[in-house]
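No hydrogens, no waters, no symmetry mates; every other heavy atom, side chains included, goes into these values. Bear in mind the structure is a predicted one, so any value in this text is a computation, not a measurement. Counting starts at 1 for both ligands and their atoms, in listed order.
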Amino acid sequence: AKSRGLNSYALYSPDMNTTTREKMILESSLRKAIEQNEFRLFYQPQVDIRSGELKGVEALVRWQHPTKGLLTPDHFIPIAEETGMISQIDKWVLRTACLQNKKWQEQGLPSFRVSVNLSSQEFLDESFVDDVHLILEESGLQPKYLDLEITETMTMNVNHAIPMLRKLHALGVQISMDDFGTGYSSLSYLKNFSINRLKIDQSFVRDISKETNGTNIVSIIIAMAHSMNLEVVAEGVEEKEQLRYLQIRKCDEVQGYYFSRPIPGEEFEQSYEELISR
Ligand code: C2E
Ligand code: CA
Ligand code: CA
Ligand code: CA
């Protein structure tokens, strides 16, 4: 065992150095990206499963890298989290999303929510509630049109999560539990939290077409969420078959490539009429 340990050390150490070097480069270009405004928001619709009405859009961040092109979050969110830069990025996302939604309302688009993903860092930051309040005031967006997406992991420290969610709720913003079913929380545990909806993780939605156990999990989540007066959004809906299954189980809203991929704001403006008339 000892010699294997040595071998693996010898094998992996050059790799680790590369990774570290790459990380350092990424870290410094990420700092520049923040200063030079290289982030973009893409929006993906969330539609009412019965009426097809547009209920919200999720804002998803992209990095327009000067040489690498458009990067999805998996290329930079982990390092942003590691270095703490995520707070700055998420605050930019929050402000940009609120301003954009207000602008859409002023342009005469129907009113809908904009959902923003949070990281644990904001959620742990006591001044986050004030930040949200300030950004809402600045943008002029009514709080009910902002939805904050949190994950189960963020609520594991219940002594922090319960008062935090209460304060956010008191501001009048909405709260969604993202990636639901992948974390540790049981449904009964959700009763302690001031949240509006659950987003069923796409891994369960993907299983619907394969007719595996995933289908049962989806219907159980929907039924129990409804018994707790929570709305349910299914993520990652790609096929008609999945949509039909979710319709029968009375899921409230759907989001996924079946309706639209995440698209830039300007593209969204142009196609929203088409989207809501489907
Ligand atoms: P998420 O919050 O679970 O977002 C949904 C992801 O699924 C998005 O990936 C979206 O493009 C993708 N998606 C949507 N519909 C479908 C579908 O029908 N099929 C498949 N296969 N995928 C679909 P994206 O944009 O690459 O984002 C990945 C993750 O990065 C997000 O997962 C979220 O956790 C994180 N993220 C995105 N934007 C932000 C942000 O502004 N702040 C923070 N902290 N995290 C963000
Ligand atoms: Ca999300
Ligand atoms: Ca999700
Ligand atoms: Ca996620």
Inset, instruction - Tell me whether Ile150 is reachable from Leu124 by hopping between hydrophobic residues (I, L, V, M, F, W, Y) whose side-chain heavy atoms are closer than 4.5 Å. - result: no

Legend entry - Residue Glu235 atom name (nearest to the Ca ion (ligand 3); N/O/S): OE1

Inset, instruction - Before accepting this row, confirm whether a basic side-chain N of the pair Glu27/Arg31 lies closer than 4.0 Å to the acidic partner's carboxylate O. - result: yes

Inset, instruction - Could you establish whether Arg62 and ligand 1 come within less than 4.0 Å of each other, counting only heavy atoms on the residue side? - result: yes

Inset, instruction - Restricting to N/O/S, name the atom of Glu58 that gets closest to the Ca ion (ligand 2). - result: OE2

Legend entry - Short N-O contact, Lys55 and Glu231, less than 4.0 angstrom: no

Inset, instruction - Fit a plane to each ring of His160 and Phe123, take the angle between them on a 0 to 90° scale, and name the class: parallel (under 30°), tilted (30 to 60°) or perpendicular (over 60°). - result: perpendicular

Legend entry - Interfacing atoms of ligand 1 (cut-off 4.0 Å, heavy-atom, Gly256): 15 (N), 18 (O)

Legend entry - Contacting atoms of ligand 1, where contact means under 4.0 angstrom from a heavy atom of Gln44: 14 (C), 15 (N)

Inset, instruction - Could you label the plane-to-plane angle of the Phe268 and Phe112 rings as parallel, tilted or perpendicular, counting under 30° as parallel and over 60° as perpendicular? - result: perpendicular

Legend entry - Under 3.5 Å: N/O of Gln202 near N/O of ligand 1: yes

Inset, instruction - Please state whether the separation between the Ca ion (ligand 2) and some N/O/S atom of Ser176 is under 3.0 Å? - result: no

Inset, instruction - Give the C-alpha distance, both sets of side-chain angles, the deciding distance and a yes or no for ring-ring contact (aromatic ring centres under 6.0 Å, His included) between Trp104 and Tyr43. - result: CA-CA 13 Å; Trp104 281 331; Tyr43 298 90; 5.0 Å; yes

Legend entry - Atoms of ligand 1, numbered as shown, that sit under 4.0 Å from any heavy atom of Glu235: 3 (O), 5 (C)

Legend entry - Contact partition for Asp178 relative to ligand 1, non-hydrogen atoms under 4.0 Å: side chain

Legend entry - Under 4.0 Å to a heavy atom of Glu238 - the qualifying atoms of ligand 1, by number: 17 (C), 18 (O), 19 (N), 20 (C), 21 (N)

Inset, instruction - Report yes if the side chains of Leu136 and Val173 come closer than 4.5 Å at any heavy-atom pair, otherwise no. - result: yes

Inset, instruction - Test Pro262 against every option in Glu58, Arg62, Gln255 by the side-chain contact (heavy atoms from CB on, under 4.5 Å) rule and name the one that passes. - result: Arg62

Legend entry - Atoms in ligand 1 flagged as close to Pro262, the criterion being non-hydrogen separation under 4.0 Å: 11 (O)

Legend entry - Within-4.5 Å side-chain heavy-atom neighbours: Pro264 and Arg40: no

Legend entry - For Asp179, the ligand 1 atoms whose distance to one of its heavy atoms is below 4.0 Å: 3 (O)

Inset, instruction - Measure from the Ca ion (ligand 2) to each N, O or S atom of Asp179 and report whether any distance is below 3.0 Å. - result: no

Legend entry - Shortest heavy-atom approach to atom 39 (C) of ligand 1 - which of Val61, Asp90, Leu60, Ile89: Val61

Inset, instruction - Just jot down the ligand 1 atoms closer than 4.0 angstrom to any heavy atom of Ile86, in number order. - result: 44 (N)

Inset, instruction - Would you mind running through ligand 1 and noting each atom that sits below 4.0 Å from a heavy atom of Glu58? - result: 2 (O), 4 (O)

Inset, instruction - Indicate yes or no: does Asp252 engage Arg197 in a salt bridge with an N to O separation below 4.0 Å. - result: no

Legend entry - Side-chain donor-acceptor contact under 3.5 Å, Ser176 with Asp147: yes

Legend entry - Between Glu122 and Ser119: side-chain donor-acceptor atoms closer than 3.5 Å: yes

Inset, instruction - Compute the shortest N/O to N/O distance between Tyr257 and ligand 1 and return yes if it is under 3.5 Å, no if not. - result: yes

Legend entry - Minimum-distance atom from the Ca ion (ligand 2) among N, O or S atoms of Glu149: OE1

Legend entry - Contact flag Asp178/the Ca ion (ligand 3), N/O/S atoms, threshold under 3.0 Å: yes

